[in-house]
Amino acid sequence: MENISSRYQPKEAEEKRYKHWEKQGYFTPKIDIKKKPYVIVIPPPNVTGVLHMGHALNNVLQDVLIRWKRMQGIPTLWLPGTDHAGIATQNVVEKMLSKKGIKRQDLGREKFIKEVWRWKEEHGSTIINQLKKLGCSCDWSRERFTMDEGLSDAVEEVFIRLYQEGLIYRGNYIVNWCPRCQTALSDEEAPHKEVQGNLYYIKYPIKSVIGSRLSVLGRTPNTEHRTPNFVVVATTRPETMLGDTAVAVHPKDKRYKNLIGRKLILPILNREIPVISDTVVESDFGSGAVKITPSHDPNDFEIARRQSIEGILVMNPDGTMNENAGQYKGKDRFECRKAILKDLKMQGLLLKTEAHQHSVGHCYRCHTMIEPYLSRQWFVRMKPLAKKAIEVVKKGEIKFYPQRWTKVYLNWMENIRDWCISRQIWWGHRLPVFYCRKCQGGGNSVIGYRLSPNTEHRTPNTDKGIIVAKTKPEKCPICGSSEIYQDEDVLDTWFSSWLWPFSTLGWPEKKSKIKNQKSKIKSDLNYFYPTSTLVTAPEIIFFWVARMIMAGMKFMGKIPFKDVYIHGTVRDDLGKKMSKSLGNAIDPLEVIKEVGTDALRFSIVFIAATGQDVFLSKQKFAVGRNFANKLWNASRYILALPECKWGSVTNEDLGLKERWILSRLNQTVKEVNRSLENYRFQEAESKIYEFFWHQFCDWYIELAKPVQNSQQSTVPAEGGSAFGGKNQKLKNREKNASVTTAAMLYHILETSMRLVHPFMPFISEEIWQRINNIKNQKSNIKNTNQISKIKNKELGKRSIMVAEWPKAEERLIDKKAEEDMELLIEIIQAIRNLLAELNIKNLEEVSLILIHFPKRLEKYSNYLSRLTRIENISYQSKKPTKAISTVVQKTEIYLVLKDIDLSKGKKRLTKKIEELNKELERVSQKLKNKDFLQKAPREVVQKTKETKEKLKQEREKILVMLRGI
RNA sequence: GGGCAUUUAGCUCAGUUGGUUAGAGCGCUACGUUCACAUCGUAGAAGUCAGAGGUUCGAGUCCUCUAAUGCCCACCA
């Protein structure tokens with residue numbers, strides 16, 4: 001027997017095992033056309049990513065599913081990869097360069113991109129290596145990157161097809177603009193956050209009263225929003241007033257009705273702007289008059305578009321004011337705000353300031369406040385794509401787990417808005433769009449200062465001089481000019497992600513490949529698409545899940561996956577989202593160092609209730625650590641037993657505890673399967689935990705242990721030594737049975753390891769290999785029993801990873817054995833309770849008398865003696881005169897000993913009687929209720945009656961006991 | 001403004017279609033270390049299932065309302 005440490009040392013085991021698995025190619029599925037594969041595509045982490053707890057949870061869940069299915073013999077593919085993460089990655093590389101004092105503009109586009117690729121080569125595999133540390137069994141031979149050649153080709157293909165169908169268009173529109181990243185963002189990339197701001201009330205003079213009197217009049221205190229001389233507007237962003245081209249009021253607003261059509265003087269710039277009317281203006285918000293800034297506000301843009309009002313752009317892409325801002329030119333937007341307020345105050349035009357909470361978009365990459373900004377961008381028309389994506393979810397072809405996310409998804413889909421896909425950054429897929437300089441007569445995505453909104457907004461693709469193609473055309477097809485240049489923009493990162501389930505599998509396939517199908521060699525795309533399950537976080541539903549469904553339907557004509565499991569967000573113990581920037585993150589790698597990967601995996605799954613957020617603290621990893629330790633030590637014990645060989649076992653040999661533990665094991669397998677099928681990971685773990693620890697270890701192993709002082713055998717026999725076991729027959733039986741018990745210990749342990757493996761891959765492999773070694777040493781023993789056969793077949797394999805997932809065998813589920821065993825357990829616990837309560841230590845002096853103990857269980861009295869340490873047990877019908885007593889079901893339990901303090905026992909019994917009376921009262925009331933008798937199902941009534949009888953009997957017995965005291 | 005979730009033992013959370021006396025882990029109390037495991041064992045204490053009303057023979061579970069907390073969505077000038 002090798003020396004095994006009493007503590008599991010995860011470190012050495014993990015790396016060694018993972019490398020072995022990878023080398024053996026276990027992660028790569030063997031394509032078998034007859035079998036339906038199980039496929040998960042990983043939510044590709046950003047190449048810049050560093051493993052955090054969110055990743056850990058996400059990927060462990062996927063690995064559990066994958067390992068579970070793989071062990072079932074299903075060709076299983078977990079396709080990994082990383083996302084080029086346009087803005088995020090560009091930011092990281094820019095930061096790195098800035099440390100050297102280099103700006104990306106200094107390098108120029110081409111050199112900068114080279115830098116990013118270099119960075120990717122150097123650091124891009126960090127997250128991948130960390131996933132390996134987690135034990136993820138991804139097929140690394142199929143690893144993809146969203147900027148791989150094939151995936152880039154898919155991106156271009158999709159862009160071109162959508163453009164040709166008119167589902168992609170270019171237009172001028174207000175977009176979410178991040179002044180720090182200097183790019184447009186989609187709505188999803190600009191989440192709204194509540195901000196405590198101010199609502200500024202500004203007086204706009206009416207034209208007829210301008211002139212020298214302005215400043216004088218302005219000083220008059222006036223709380224009215226409308227005075228004969230001014231119209232007051234309310235705004236949260238005063239700096240945008242420089243771009244005002246109108247003021248709008250509701251057409252029915254009596255205060256302003258007669259001003260509609262008149263001119264106001266825009267303060268500071270002294271530009272004339274008209275008062276217009278529009279029904280979207282709400283009279284009771286602010287002053288009821290809205291300044292209209294078409295180039296800096298989506299609502300204003302819409303109003304202006306309807307009424308053909310021009311807009312004026314007053315900011316530069318970096319958030320500073322441009323030349324249209326007059327004296328404020330060059331000032332940052334917030335500085336400008338301060339300056340304008342100061343100036344307005346001086347002129348007496350700032351009527352009042354109110355605190356005002358509102359929600360404002362923020363860049364999801366750098367958290368800078370978004371500026372709604374008019375620019376020329378590319379959009380995907382989403383409504384036509386959404387239609388089928390709504391259908392497949394409504395029909396249940398795609399199911400969300402937990403179900404409630406279905407509604408969130410549908411709600412978003414049904415109100416979907418066009419998707420801004422162009423980004424003004426360098427790192428990403430460049431738009432496959434070319435312009436003929438002659439036909440266009442202008443630049444691309446130029447941000448115009450005086451764009452008339454209505455002309456180019458969402459018009460069909462009739463633009464002359466736009467050529468959408470994978471490669472640069474030599475000549476313009478219209479005018480023949482060779483002055484052709486490519487659009488500078490790149491696509492939104494998610495424009496490649498939404499193709500992930502099929503672009504990673506080879507879409508669009510070359511024709512030659514498709515032909516191969518006939519020769520029975522299925523392409524990856526044909527074999528693995530649609531995938532099976534997608535595991536992701538709620539915040540990704542809109543970004544990714546929804547769009548993948550749209551793309552899948554559009555380009556594959558099939559759903560991309562069947563099930564979507566949405567897990568919770570990882571938060572700290574105070575409920576804050578875990579993030580590096582908040583400084584509350586627990587580093588998974590730290591946890592792995594401290595407790596091991598398996599403990600981390602087990603714990604995080606155990607803590608994560610289905611779809612609920614996960615509240616983490618370091619202490620919570622103790623569950624997994626302790627469980628790993630338990631697995632380890634139980635194995636250590638079993639593996640060290642000298643008798644432990646794979647013995648021959650026949651069904652007749654099986655004692656109660658064997659039938660019981662087999663029944664429990666098979667029941668557990670059944671339940672674990674059911675839980676996993678419903679994505680109830682935590683439940684599956686609980687079942688395994690409960691079985692292994694509290695059934696196998698607490699009872700089976702304990703019962704399998706040698707009786708103290710026994711010289712005969714280290715593994716006890718059925719029938720046990722409590723009654724001597726002296727005759728030859730019993731001795732033979734004992735020998736035989738000890739082998740049974742030993743074989744059973746092995747069998748249960750080995751099966752448990754396979755059950756544990758998806759959750760705790762390393763320790764299960766480690767233990768399983770050790771079992772394997774012993775088996776190989778003792779392979780001379782014949783196996784005559786089915787249990788042993790199953791076991792040995794599995795052990796022939798080189799890794800538990802590819803061993804067979806345990807099958808629940810109905811024939812081994814034995815309700816009777818479970819009932820009997822449970823009764824024995826209850827009796828043992830009751831006896832222990834008495835012993836503990838009365839503080840009885842001298843067990844030799846105690847004799848145990850059981851009355852009404854089932855005859856068929858008498859041969860298992862060794863269970864009682866072993867686990868209560870009382871040797872002197874007898875069954876009789878005569879009640880002892882002086883004894884401490886209690887009742888379990890029908891069995892009366894008496895402890896007879898010399899000096900007993902009966903008063904203590906009396907107290908207990910009295911208390912018990914009280915409890916019984918209460919309960920009996922409740923049940924009796926129920927049975928007196930005519931409605932209950934009539935309306936409740938017969939079984940329930942029957943059960944209640946039985947309960948009453950049981951309670952009554954128990955009470956009777958206790959009363960008799962009490963009388964005896 | 002709309003939607004979703006949560007509220008069960010001191011703490012963190014289970015509780016699948018309504019059906020005996022509501023469970024676990026941690027913590028707590030007592031005892032225990034020649035025993036595979038003190039990262040352990042045995043025993044124990046601990047809950048008005050957020051509140052109110054309703055449906056039902058029967059509600060932690062279903063319905064309505066209320067409160068607190070958290071999250072998501074929305075063109076909140």
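To find a chain, count down the sequence lines: A is the first, B the second, and so on, and within it residues start at 1.
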(Q) Can you see if the side chain of A:Asn633 gets near the phosphate of B:U39 - specifically, an N or O under 4.0 Å from OP1 or OP2? (A)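 No, because none of the side-chain N or O atoms of A:Asn633 sits under 4.0 Å from OP1 or OP2 of B:U39.
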
Q) Under 4.0 Å between a side-chain N/O of A:Arg680 and OP1 or OP2 of B:G15, yes or no? A)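 Checking A:Arg680 against B:G15: at least one side-chain N or O falls below 4.0 Å of OP1 or OP2.
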
Atom-pair distance ([atom1] on [X]; [atom2] on [N]), nearest Å:
{"X": "A:Ile688", "N": "B:A24", "atom1": "CD1", "atom2": "P", "answer": "19 Å"}
{"X": "A:Arg770", "N": "B:A36", "atom1": "CZ", "atom2": "C1'", "answer": "14 Å"}
{"X": "A:Tyr200", "N": "B:A77", "atom1": "OH", "atom2": "P", "answer": "14 Å"}
{"X": "A:Tyr679", "N": "B:A14", "atom1": "OH", "atom2": "P", "answer": "20 Å"}
{"X": "A:Ile638", "N": "B:C37", "atom1": "CD1", "atom2": "P", "answer": "14 Å"}
{"X": "A:Lys193", "N": "B:C73", "atom1": "NZ", "atom2": "P", "answer": "12 Å"}
{"X": "A:Tyr689", "N": "B:C40", "atom1": "OH", "atom2": "C1'", "answer": "12 Å"}
{"X": "A:Leu676", "N": "B:U16", "atom1": "CG", "atom2": "P", "answer": "18 Å"}

By the 4.0 Å heavy-atom rule, please label [X] as base, sugar-phosphate, or nothing.
{"X": "A:Phe627", "result": "nothing"}
{"X": "A:Ala289", "result": "base"}
{"X": "A:Glu683", "result": "base"}

(Q) For a 4.5 angstrom cut-off between non-hydrogen side-chain atoms, does A:Ile541 reach A:Trp405? (A)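 Side-chain contact under 4.5 Å: yes.
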
Q | side-chain hydrogen bond (donor to acceptor under 3.5 Å, both in side chains) partners of A:Asp698, counting only residues at least two apart | A |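 With neighbours one apart ignored, the set is A:His694.
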
Taking the same atom, [atom1], in [N] and in [M], what whole-Å distance lies between them?
{"N": "B:G41", "M": "B:C35", "atom1": "C1'", "value": "10 Å"}
{"N": "B:G23", "M": "B:U16", "atom1": "C1'", "value": "15 Å"}
{"N": "B:U64", "M": "B:G27", "atom1": "P", "value": "41 Å"}
{"N": "B:C73", "M": "B:U12", "atom1": "C1'", "value": "30 Å"}
{"N": "B:A24", "M": "B:G70", "atom1": "C1'", "value": "25 Å"}
{"N": "B:G10", "M": "B:U66", "atom1": "P", "value": "29 Å"}
{"N": "B:G3", "M": "B:A45", "atom1": "P", "value": "46 Å"}
{"N": "B:A68", "M": "B:A22", "atom1": "C1'", "value": "24 Å"}

Within the distance-only criterion (no hydrogens, no angle test), does the side chain of [X] pair as donor or acceptor with the backbone N or O of [Y] below 3.5 angstrom?
{"X": "A:Lys912", "Y": "A:Val887", "answer": "yes"}
{"X": "A:Arg832", "Y": "A:Leu867", "answer": "yes"}
{"X": "A:Lys890", "Y": "A:Gln953", "answer": "no"}

Nucleotide of [options] approaching [X] most closely (side-chain heavy atoms):
{"X": "A:Val290", "options": "B:A77, B:G25, B:U39", "answer": "B:A77"}
{"X": "A:Val623", "options": "B:G25, B:A36, B:A77", "answer": "B:G25"}
{"X": "A:Arg404", "options": "B:U20, B:U12, B:C4", "answer": "B:C4"}
{"X": "A:Val281", "options": "B:A77, B:U16, B:C35", "answer": "B:A77"}
{"X": "A:Ile701", "options": "B:A77, B:A36, B:C4", "answer": "B:A36"}
{"X": "A:Lys620", "options": "B:U39, B:A77, B:U12", "answer": "B:U12"}
{"X": "A:Phe542", "options": "B:A77, B:A74, B:C73", "answer": "B:C73"}
{"X": "A:Glu919", "options": "B:U20, B:A77, B:A36", "answer": "B:U20"}

Flag yes if more than 12 heavy atoms outside [X] fall under 6.0 Å of its [atom1] atom; otherwise flag no.
{"X": "A:Lys952", "atom1": "NZ", "answer": "no"}
{"X": "A:Lys618", "atom1": "NZ", "answer": "yes"}
{"X": "A:Gln196", "atom1": "CD", "answer": "yes"}
{"X": "A:Lys399", "atom1": "NZ", "answer": "no"}

Q: List the protein contact pattern of nucleotides 56-65 of chain B with one symbol per nucleotide (5' to 3'): B for base contact, S for sugar-phosphate-only contact, - for none; contact means a heavy-atom distance under 4.0 Å.
A: -B--------

Q. For RNA chain B, which ranges pair as stems of 3 or more consecutive Watson-Crick or G-U pairs, with both donor-acceptor distances under 3.5 Å?
A.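 Stems for RNA chain B, defined as runs of 3 or more consecutive pairs: B:1-7 with B:67-73, B:10-13 with B:23-26, B:28-32 with B:40-44, B:50-54 with B:62-66.
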
**Q.** Taking every non-hydrogen atom, the tightest pair across A:Phe696 and A:Leu749
**A.**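 Closest pair (atom of A:Phe696, atom of A:Leu749, distance): CZ-N, 4.1 Å.
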
Q) What closest approach, in Å, do A:Arg417 and A:Met382 show between heavy atoms, and which atom pair accounts for it? A)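 In this case the closest contact between A:Arg417 and A:Met382 is O-CG, 3.3 Å.
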
Short N/O separations, protein against nucleotides 41-44 of chain B, under 3.5 angstrom:
| from | atom 1 | to | atom 2 | distance (Å) |
| --- | --- | --- | --- | --- |
| B:G41 | OP1 | A:Lys630 | NZ | 3.3 |
| B:G41 | OP1 | A:Trp693 | NE1 | 2.4 |
| B:U42 | O3' | A:Arg832 | NH1 | 3.4 |
| B:G44 | OP1 | A:Asn833 | ND2 | 3.1 |

Q: Using the closest heavy atom to pick a nucleotide of RNA chain B for each, name whichever of A:Trp405 or A:Lys950 lands nearer the 5' end.
A: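 Here A:Trp405 is the residue nearer the 5' end.
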
**Q.** Which residue lies more 5' along RNA chain B, comparing A:Arg237 with A:Asn839 via nearest heavy atoms
**A.**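 Per heavy-atom nearest nucleotide, the more 5' residue is A:Asn839.
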
Q | Parallel, tilted or perpendicular: ring planes of A:Phe692 versus A:Phe627, cut at 30 and 60 degrees | A |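 Perpendicular, since the angle between the ring planes exceeds 60°.
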
Q: Could you check whether the rings of A:His567 and A:Tyr565 sit parallel, tilted or perpendicular, using 30° and 60° as the cut-offs?
A: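 Aromatic pair A:His567/A:Tyr565 classed tilted.
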
Q.
If we count only N and O atoms by modelled type, under 3.5 Å, do the side chains of A:Glu921 and A:Gln925 hold a donor and an acceptor together?
A.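 The answer is yes; a qualifying pair exists.
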
Q) Looking just at side-chain N and O atoms, do A:Thr406 and A:Gln403 make a donor-acceptor pair shorter than 3.5 Å? A)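 Per modelled atom types, A:Thr406 and A:Gln403 side chains form no pair under 3.5 Å.
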
Which pairs, protein N/O on one side and nucleotides 1-3 of chain B N/O on the other, fall under 3.5 Å?
| from | atom 1 | to | atom 2 | distance (Å) |
| --- | --- | --- | --- | --- |
| B:G3 | O3' | A:Lys407 | NZ | 3.3 |

Q.
Under 4.0 Å, heavy atom to any atom of RNA chain B: which of residues 353-361 of chain A qualify?
A.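 Those residues whose heavy atoms fall under 4.0 Å from RNA chain B, taken from residues 353-361 of chain A in numerical order, are A:His356, A:Gln357, A:His358, A:Ser359.
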
